[in-house]
Amino acid sequence: MAGEDYSFFENVTKSFDKAAKFTKWEDGLLEQIKACNAVYQMRFPIKRDDGSIEVIEAYRVQHSQHKTPCKGGIRFSEAVNQDEVMALASLMTYKCAIVNVPFGGAKGGIKINPKKYSEFELQKITRRYTAELVKKNFIGPGTDVPAPDYGTGEKEMAWILDTYATMRPGEVDAMGCVTGKPVTQGGVRGRKEATGLGVFFGVREVCLMTDVMERLGLTPGVENKRVVVQGLGNVGYHSAKFFREHGAKVVGIAEYEGSIYDANGLNEEEVFQHRRKTGSILNFPGAENLASSLDALELDCDILIPAALENVINKDNAERVKAKIIGEAANGPLTPDADEILAKKGTLIIPDMYLNAGGVTVSYFEWLKNLSHVRYGRMEKRFTENMNKHILGQIEELTGKAVNDTEKKFIEHGASEADLVHSGLEETMIEATHEIMNTWKANPEIPDMRTAAYVVAINKVGTSYGELGIFP
Ligand code: NAD
């Protein structure tokens, strides 16, 4: 997200200041909301497989404790630096506030390219990092709860949990010290598709707003909307899947190697399998090849979902982007320059800060599951099924008519863990979309939806700090 002239953290600060003008908080309080409360920079040694010693540079930043625990992923990347971790930690505070996840923001980073280390070395690095966090009280179900981010996944989260639980024997809620764990280690069902599903719920809600759609010259609803997705990874794949399943046409998909286009709509799973077999999305049967990955961003479509990298829409190509709606599934896919160019064109940009919050929302559900020590649905699933069967039986008996088998199965079934997680996510995204849109509508001087999202975030954090009068 960093522009050419500012650091990433300065860019976040700039967006914050732009939005702060539309809030009522005094300068001192705004300073406190913006500041990173604690920055832990560490160095520790590990012995490589070849016997040499390497000193690892790592960070954990807790941006805000207005709600605890703090929450945010851990990134393994050579590009990690303090400024980036601080920026990402701040964004987590605002993201959590918008989707009503009662956490402060945090972020962690280890400056390594994970591809250059063996699994054994990665395990040693992850465990030592966790031990350093434990020593300084920078991790725990009530203080700071990491999660996966760029370069990390379920495996690293399982190592973190094991290290934490070993160092804190007998801590009954230890499982809640980290989220994004494998389901067998206290993870929650529905996490994998959460971000893509959240993107779909958010965009669908905007598409249901008749006044907004009228302004964009589109009909309400996602049905038959032409969608282009950049990046067929976790978030892109699932976004494409949910749009297609709800009647939209995914007319374009972009990956590293190029893009494909089919006006009749593409099936993401078939494209995924084609890529697995041939090593490329190109030459997909019935689709047209486009020369580069960037070409897909300029396709004639209604909704564009950049779900790969940051800065892909910038001052060089923004003018040629034809989509009426851009749903920022990736973090920071638009540069500030692109934002301005597209705003002038009347394009609606649904901001990353809340649109890709599905992951952290479901992480919150995972943490709640860990603290309650019971799987979602365990207590009520069978009861609901038995009750639904009974009601349906009574209806059939009283009317003398039989309900068909498909409907019967649907009506009878009790909610599984994944059903409840999806439903909680749907509620979260709908509520957040309306809150941001209502804030925007209430003040015509707010220039765009991104600023409106910041206003919502600042007001919520400000309320939990300010109105309680908690400062000494
Ligand atoms: P991923 O690694 O699973 O997928 C990214 C995909 O983008 C890969 O398939 C990659 O090949 C493709 N890609 C890379 N460069 C490309 C290019 N130039 N053109 C087209 N495609 C390209 O990652 P992900 O988890 O899907 O994350 C995608 C984005 O969403 C990132 O910005 C991430 O920060 C953000 N995000 C992810 C989550 C989550 O829960 N996974 C949550 C919030 C935000």
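In listed order, ligands and their atoms are each counted from 1. Here the structure is a predicted model, which is why all the values come from computation and not from measurement. Just the heavy atoms: all of them, side chains too, but no hydrogens, waters or symmetry mates, feed the values below.
- Using a 4.5 Å cut-off on side-chain heavy atoms (C-beta onward), Leu348 and Leu216 make contact.
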Give me the pairs of N or O atoms, one from ligand 1 and one from the protein, that sit under 3.5 Å apart.
from: ligand 1; atom 1: 3 (O); to: Asn234; atom 2: N; distance (Å): 2.9
from: ligand 1; atom 1: 9 (O); to: Gly233; atom 2: N; distance (Å): 3.4
from: ligand 1; atom 1: 9 (O); to: Glu255; atom 2: OE2; distance (Å): 2.5
from: ligand 1; atom 1: 11 (O); to: Glu255; atom 2: OE1; distance (Å): 2.6
from: ligand 1; atom 1: 11 (O); to: Glu255; atom 2: OE2; distance (Å): 3.3
from: ligand 1; atom 1: 19 (N); to: Ser293; atom 2: OG; distance (Å): 2.5
from: ligand 1; atom 1: 26 (O); to: Asn234; atom 2: N; distance (Å): 3.2
from: ligand 1; atom 1: 26 (O); to: Val235; atom 2: N; distance (Å): 2.8
from: ligand 1; atom 1: 32 (O); to: Ala308; atom 2: O; distance (Å): 3.4
from: ligand 1; atom 1: 32 (O); to: Asn331; atom 2: N; distance (Å): 3.1
from: ligand 1; atom 1: 34 (O); to: Asn331; atom 2: ND2; distance (Å): 3.1
from: ligand 1; atom 1: 40 (O); to: Thr195; atom 2: OG1; distance (Å): 2.7

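- In this structure, Tyr94 has its ring center closer than 6.0 angstrom to the ring center of Tyr454.
- Using a 4.5 Å cut-off on side-chain heavy atoms (C-beta onward), Thr143 and Thr68 make no contact.
- With hydrogens and angles ignored, the 3.5 Å screen pairs a side-chain donor or acceptor of Lys71 with a backbone N or O of Val145.
- Glu417 has no carboxylate O lying under 4.0 Å from a charged side-chain N of Lys381, or vice versa, which leaves the two without a salt bridge.
- Within the 4.5 Å cutoff, the side chain of Arg60 has no heavy atoms near those of the Gln41 side chain.
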